[in-house]
Amino acid sequence: MRGARTNDTTETATAPGRGPGVAEPAPPGEPPLTAIALRRAADQLARPWRSRVLGRVGTSAVKVVRMSELPVVEERHESTEALLVLDGVLALEVRGEPVDVRAGELFLVPAGAPHRVRPGSTGTLLIVEEEPGR
């Protein structure tokens, strides 16, 4: 069934991409010292437009998302949101204007700007956004 997806999207899971390269275990509560395979992390998500928190930078979460052709309803954030397209294309509408973000491009959605995903997005997306209450 095609239709708009809501933005209730975060999944929890073990750290993706763990593998060779860890010299010693990280202290409790700290992420492992290893690279994260972003595409593999996105492919492991149960459904498109779900996100997985890979780590945190200050009060912001770093998330990976597997996009689909389905649109996503409009949202706004109190802080600027960074959207990095790893592969594919992200079809956005920001303040009523269409914006296509392609592989290797970073788009910063200004704080408070209404934005939504238009139909036709595909690929892998990395999001950095502040988490309210953190």
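Computed from a predicted structure; not experimentally measured. Any value given below was found using the heavy atoms of this structure, including those in side chains, with hydrogens, waters and symmetry copies removed.
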List the steps and the verdict of side-chain contact (heavy atoms from CB on, under 4.5 Å) for Leu83 and Leu125. CA-CA 7 Å; Leu83 305 172; Leu125 176 65; 4.0 Å; yes
Show the numbers, then the answer: is there a side-chain contact (heavy atoms from CB on, under 4.5 Å) between Val62 and Val53? CA-CA 6 Å; Val62 178; Val53 174; over 6 Å; no
Please find the pair of heavy atoms, one from Ser121 and one from Ala91, that lie closest to each other, and give the distance. OG-N, 2.8 Å
Would you call Glu129 and Ser60 a side-chain contact if the rule is heavy atoms closer than 4.5 Å? no
What closest approach, in Å, do Ala111 and Glu78 show between heavy atoms, and which atom pair accounts for it? CB-O, 3.2 Å
As a quick check of understanding, evaluate side-chain contact (heavy atoms from CB on, under 4.5 Å) for Leu90 and Phe107, giving each step before the final call. CA-CA 10 Å; Leu90 172 61; Phe107 187 83; over 6 Å; no
Should Val73 and Arg116 count as side-chain neighbours, where that means a heavy-atom distance under 4.5 Å? no
Where do Asp87 and Met67 come nearest, in terms of heavy atoms and distance? O-CE, 4.1 Å
Should Arg39 and Leu86 count as side-chain neighbours, where that means a heavy-atom distance under 4.5 Å? no
Between CG on residue Leu108 and OG1 on residue Thr80, distance to nearest 0.5 Å: 7.0 Å
Shortest non-hydrogen separation from Leu70 to Val117 and the atoms involved: O-CG1, 4.3 Å
Are His115 and Arg95 packed together at the side-chain level, in the sense that at least one heavy-atom pair is separated by less than 4.5 angstrom? no
When you compare the side chain of Arg52 with that of Gln44, does any pair of heavy atoms fall below 4.5 Å? yes
Is there a donor-acceptor pair closer than 3.5 Å between any side-chain N or O of Arg66 and the backbone N or O of Thr124? no
Flag side-chain contact, heavy atom, 4.5 Å: Val64 against Ile127: no
How long is the span from the CZ atom in Arg56 to the NZ atom in Lys63, to the nearest 0.5 Å? 8.0 Å
Is any side-chain heavy atom of Glu74 less than 4.5 Å from a side-chain heavy atom of Pro114? yes
Under 4.5 Å between any side-chain heavy atoms of Glu131 and Thr59, yes or no? no
Could you state the interatomic distance from CG (Leu106) to CG (Leu126), rounded to the nearest 0.5 Å? 9.5 Å
For Arg102, is there any backbone N or O sitting under 3.5 Å from a side-chain donor or acceptor partner on Glu105? yes
Closest non-hydrogen atom pair, Val89 against Asp100: CG2-CB, 4.3 Å
